[in-house]
Amino acid sequence: MTNNLPLYILAAPLLAAFAVSVFGRLNSRVIAPLVLLPLGGSAFASFFLLLQVLQSGSFRYVVGNWEAPYGIELLFDPLSCLMLFLVTGVSFIASFSALPSTFRELPGRESLFFTLYLIMVVGLCGLVITADAFNLYVLLEITSISTYGMIAMGKGRPPLASFNYIILGSVGACFYLLGVGYLYILTGTLNMADLARLVPEIAGTAAYATAFGFVLVGLWIKMAFFPLHNWLPRAYWHAPAGMTVMVAPLMTKVSVYLMVRLIYAVFQPDWVFQPDFGLMTQLSVREVVLWIASIGIVVASIVAYSQRDLRRMLVYLIVAEVGYMVGGVWLANDLGLTGALLHIVNDALMTLCLFLACSAIWYAVGSTSFDSLQGLYRRMPLTMAAFTLTGFSMMGVPPTCGFFSKWYLILGGLDAGHYQFVGALVASSLINAILFFRVFEIAYFKAPEEGEDGPGLPRQEAPMMMTVPLVLAAALLLVAGFGAGTLVSRVIGVAIPELM
Amino acid sequence: MVTIFSYVPLAAILVSMLASIPILALGNRPNLREGVTLTVAAVKVLLIASLLPGVLAGNSYGLTLVQVVPGVSLALKVDAFGLIFGLIASFLWAWTSVYSIGYMRALNEHDQTRYFASFAVAIGATIGVAFAGNLLTLYLFYEVLSLSTYPLVTHEQTGEARASGRKYLTFILGTSIGLVLPAMLIVFSSTGSLEFVAGGILGGKVAPDLLAVLLCLFVFGFAKAAVMPFHGWLPAAMVAPTPVSSFLHGVAVVKAGVFSILRVVLFILGPGTLSDAGLGTPLAYVAGFTIITASLVALTQDSLKRRLAYSTIGQLSYMIIGVALLSPSGTLGGILHIAMHAFGKITLFLCAGAIYVASGKKYISQMNGLGRRMPITFAAFLLGAMSIIGLPPLGGFLSKWYLVIGTLEAGQIGLMVLLLISSLLNAAYFLPIIYRAWFAEPEEGAEEGIQEAPLLCLIPLCLTALGSFGLFLWPQPFMDLIRMLLPQLGMGG
């Protein structure tokens with residue numbers, strides 16, 4: 001089947017990155033169309049690709065006609081196409097907001113920033129569709145390096161934050177590469193399908209378990225899974241706002257997806273989740289991971305509570321949410337996996353909304369510290385309305401989408417008998433309620449600097465470019481909530497059997 | 001029983017929820033804005049009343065909106081039980097709206113637009129709770145109700161109001177997320193359904209221990225019913241403007257809590273299942289403890305609204321006792337008390353508000369001789385108080401009568417004594433107020449120029465007081481609806 005959509009989805013942002021780096025430097029006005037048009041095109045293309053795959057089945061795409069297992073192979077199944085649509089869609093929406101904020105924050109360096117931004121999107125797209133374990137490593141490095149660059153552009157202490165991230169990011173990448181190296185030595189192949197065919201022969205060996213351990217820890221560092229999360233808050237505090245709106249929703253979620261993909265398509269869930277697979281005889285790895293996830297969820301939520309700045313608070317919530325998804329996957333039942341995959345989508349949307357709102361507030365007010373949020377409901381009613389809705393979704397109030405991922409995750413936890421994970425999810429919902437209502441209360445009641453309490457306070461929304469995508473993204477939370485049934489039965493329910 | 005497809009339940013919910021949009025848009029044209037509120041209130045009453053003949057004929061109305069989880073849809077269904085609550089809530093909302101306009105304007109309150117908009121969403125959510133076709137839908141509207149009433153509780157924006165708002169959310173959201181949500185998922189996980197079926201869906205599907213846990217999670221989790229020890233939010237919420245206290249914290253919110261508990265006990269857990277597991281009596285005593293304790297605390301309150309709040313806490317548990325008796329008359333009395341208490345308590349709150357508007361007085365100790373200045377208000381107050389105490393010829397007498405018969409049917413003499421003691425306590429905390437207002441000598445010069453509150457305040461409270469009397473003479477619509485329900489629940493009529 002000749003199909004040019006996959007190629008277009010990757011090529012458009014890549015070529016645009018090149019164009020931005022050349023022409024954007026000459027005239028910064030061409031940057032906006034050069035970013036928005038290709039990303040918009042990719043988002044639409046990946047939507048149609050998703051529909052097409054759902055209708056006529058998965059396919060593999062061989063780049064340059066080098067046959068697998070030697071050539072570069074891309075896999076388009078329902079799950080990877082869903083992720084591809086998520087990546088392109090979210091980065092498209094986010095770029096509307098990233099444009100004005102970057103023009104304000106990094107004057108003169110916009111073209112550099114958006115070159116990296118687009119390369120990052122290409123990297124993420126590549127990650128979700130690659131069918132080759134080594135290409136996965138390369139793409140992981142592409143996304144990381146473009147992130148280092150973007151973080152280092154920020155003001156304040158970003159070089160240090162970026163350096164921190166480079167160290168830990170590189171450690172993570174090395175772990176992953178080592179793991180893949182072991183696999184290559186054992187099997188002589190890097191293609192995932194090929195690996196899956198060969199692993200049953202070597203499944204019992206210690207080398208294989210070591211390979212899995214390295215790969216897993218490498219990915220955990222990348223997704224900031226507690227307690228390997230410490231690089232993330234620092235990196236995101238100082239990063240330019242334009243980067244956070246795209247990277248915060250996507251990077252951790254894509255890493256979770258990679259974990260799912262590798263466990264199900266390479267290492268085989270029967271082996272990974274077997275009860276007697278563990279370092280000690282009594283405690284299986286699965287048990288340990290679930291405990292860590294549960295503790296991580298609660299600890300990260302509590303640390304979020306101790307922050308006095310909106311962005312810092314949100315950053316820790318990302319870490320907590322990673323625990324939801326990792327835990328969901330390691331419940332090792334259909335409900336848990338459904339919940340984790342659904343939460344990848346829902347959490348990407350929620351994080352997008354949160355960071356879009358945060359970015360809009362930063363743009364209009366100049367700061368996101370709690371003190372500067374006072375009276376914000378009057379000054380930025382649209383932004384705050386969207387933020388409020390997102391807060392409800394983070395608490396898990398129906399019919400917002402956050403409720404439904406929790407629904408599956410808790411059911412999965414009950415089914416698997418992992419009550420500590422259920423408890424952690426409920427506790428995190430409660431802490432989220434406290435966290436968000438604290439923000440609502442500050443923004444709702446305290447009038448800025450005494451003065452007029454009346455309606456005289458000026459409206460001061462961020463530009464339309466930032467507010468409109470935010471409101472639309474918030475509306476998507478409701479759409480995703482009402483559509484949760486459809487998403488699960490039509491896409492995720494189809495994707496899971498194909499994964500195995 | 002036939003379920004007829006109908007958009008009317010959905011319309012009844014949406015009409016007021018969507019009305020919040022024009023209300024917000026008309027913020028600087030108050031007359032038009034209040035026009036929207038009143039029109040919508042009238043439309044809503046008519047919509048809901050239009051379902052009455054069909055339901056009395058044995059049908060139910062409903063529609064399925066969207067399947068959100070395999071096996072569970074967002075669905076509405078109006079049966080006899082839901083219609084009782086829907087009728088009371090929509091009818092009393094209409095009168096409270098009239099009263100709100102008088103109250104808010106007389107006091108020249110700030111942020112009236114936000115107030116009326118939140119109110120409209122809240123009543124929409126209340127009707128949603130009443131008409132929910134399954135537990136998930138009920139939970140959804142329950143949460144919307146919690147969130148939409150937060151701006152009403154914190155309306156004053158003072159430090160005290162904010163502290164109360166925090167308390168309100170902690171109790172209400174904390175219990176609904178922390179207790180009801182897991183309970184709902186346990187039910188779903190054991191039965192694969194959340195449908196409301198008369199007589200319950202859990203029969204034979206869960207162990208008695210788990211059933212007891214579920215019962216606790218639901219009864220305490222629906223903290224809007226203020227079963228002790230989860231009652232603390234209700235007195236704190238009295239910081240809200242009085243129309244909010246009267247309607248939401250006398251009728252809609254608290255009864256949404258009781259309604260949810262009753263709905264779950266009768267349609268999810270099942271009276272038969274609970275009876276087999278011997279869980280009815282413990283539940284009745286939990287509620288009984290709340291009744292007596294709340295009444296004793298009410299005696300000590302000097303703030304009129306706080307006294308009414310504690311009275312509400314006690315009366316809510318009457319409804320729970322009624323159902324916990326698992327006997328026909330008890331269930332009849334418990335459900336009937338939703339209606340009777342609503343009319344009585346809203347009258348009392350509206351009177352408290354009228355007193356505050358007219359005189360600025362909040363404390364009972366300041367009300368000496370006030371009855372002579374505000375005879376109509378205090379006459380209404382007397383009727384409301386008599387209904388809550390359970391004296392004829394007022395509606396409260398009927399519900400308490402059936403409750404006492406219910407205790408006898410169930411052979412629970414202890415509970416009967418408890419109910420009678422409570423009625424005495426109710427008299428003990430209400431009658432001194434009446435006495436002071438009519439007979440005590442006022443302090444000199446303390447009440448110069450005090451007269452009745454504005455007509456927009458006065459008319460609604462007279463009508464609800466007369467309603468309380470009317471329901472004594474003509475309780476048929478509610479009685480008929482409940483009598484239709486009982487056989488479905490496996491209890492002889």
Side-chain angles (χ1 to χ4, degrees), chain A residues 335 338-339 342 377-378 381 385 388-389 391-392 395-401 403-404 406-417 419 422-423 425-434 436-438 440-442 444-447 453-455 480-489 493, chain B residues 24 27-28 65-74 110-111 113-114 128 135-148 150-151 154-159 161-163 165-166 168-170 172-190 192 194 217:
Chain A
L335 284 166
T338 307
L342 186 61
Y377 273 94
R378 277 190 202 287
T388 308
L389 187 72
F392 292 160
M395 295 170 213
V397 175
T400 54
C401 61
F403 173 79
F404 295 101
K406 238 161 249 179
W407 174 278
Y408 286 102
L409 289 171
I410 293 180
L411 278 179
L414 290 175
D415 232 33
Y419 301 110
V422 174
L425 289 176
V426 172
S428 137
S429 304
L430 292 174
I431 300 174
N432 281 352
I434 297 171
F436 279 95
F437 269 97
R438 185 171 59 162
F440 298 162
E441 204 188 289
I442 295 169
Y444 187 78
F445 293 114
K446 289 190 182 161
D453 188 34
F482 284 114
T486 318
L487 185 60
V488 167
S489 58
Chain B
L24 284 173
N28 43 15
L65 294 171
V66 53
Q67 192 171 64
V68 283
V69 178
V72 187
S73 304
L74 291 183
H110 61 102
D111 288 307
T113 305
R114 182 182 79 200
L135 190 52
L136 178 66
T137 315
L138 185 145
Y139 182 79
L140 184 157
F141 285 112
Y142 183 91
E143 292 290 53
V144 174
L145 181 58
S146 313
L147 296 170
S148 59
Y150 172 75
T154 52
H155 182 84
E156 299 299 333
Q157 304 201 346
T158 56
R162 276 155 54 189
R166 237 172 280 151
Y168 182 70
L169 281 174
T170 312
I172 301 286
L173 270 190
T175 49
S176 68
I177 294 176
L179 304 177
V180 175
L181 179 62
M184 174 165 72
L185 286 160
I186 292 171
V187 169
F188 183 68
S189 166
S190 7
L194 291 176
L217 290 175

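These values consider heavy atoms only, across backbone and side chains, with no hydrogens, waters or symmetry-generated copies. The sequence lines fix the lettering, A, B, ..., with proteins before strands; numbering per chain opens at 1.
Residue B:Ser189 comes nearest to A:Asp415 through the heavy atom pair OG-OD1, 4.3 Å, listed as atom of the first residue, atom of the second, then distance. For A:Ile410 against B:Leu185, the heavy-atom pair with the smallest separation is CG2-CD1, 3.2 Å. Nearest heavy atoms, A:Leu430 versus B:Gly178: CD2-N, 4.2 Å. Nearest heavy atom pair, residue A:Phe482 against residue B:Val66, reads O-CG2, 3.5 Å. The two residues A:Ser429 and B:Ile177 make their nearest non-hydrogen contact at CB-CG2, 3.6 Å.
For a residue to count as touching a neighbouring chain, one of its non-hydrogen atoms must lie under 4.5 Å from one of that chain's; by this rule A:Phe440 does not touch chain B. In this structure, the portion of B:Leu147 lying under 4.5 Å from any heavy atom of chain A is its side chain and not its backbone. Heavy atoms closer than 4.5 Å to chain A are found nowhere in B:Thr170, neither backbone nor side chain. For A:Ala484, the parts sitting under 4.5 Å from any heavy atom of chain B are the backbone and the side chain alike. The part of A:Val397 that comes within reach of chain B is its side chain, from C-beta onward, which places non-hydrogen atoms under 4.5 angstrom from that chain. Residue B:Leu181 touches chain A through its side chain alone, counting heavy-atom pairs closer than 4.5 Å.
Once rounded to the nearest 0.5 Å, the distance linking CZ of B:Arg166 with CD1 of A:Ile434 reads 11.0 Å.
Put simply, the side chain of A:Pro399 does not reach to within 4.5 Å of the side chain of B:Val68, judged on heavy atoms. Side-chain atoms of A:Phe403 and B:Leu140, non-hydrogen and from C-beta on, never get closer than 4.5 Å to each other.
The aromatic rings of A:Tyr444 and B:Tyr150 sit tilted relative to each other, their planes meeting at an angle between 30° and 60°.
In this structure, the side chain to side chain contact (heavy atoms under 4.5 Å, CB included) partners of A:Ser428, at least two apart in sequence or on a different chain, are A:Ile297, A:Ser301, A:Tyr324, A:Asn432. Residues passing the side chain to side chain donor-acceptor pair (under 3.5 Å) test with B:Ser148, sequence neighbours excluded: none.
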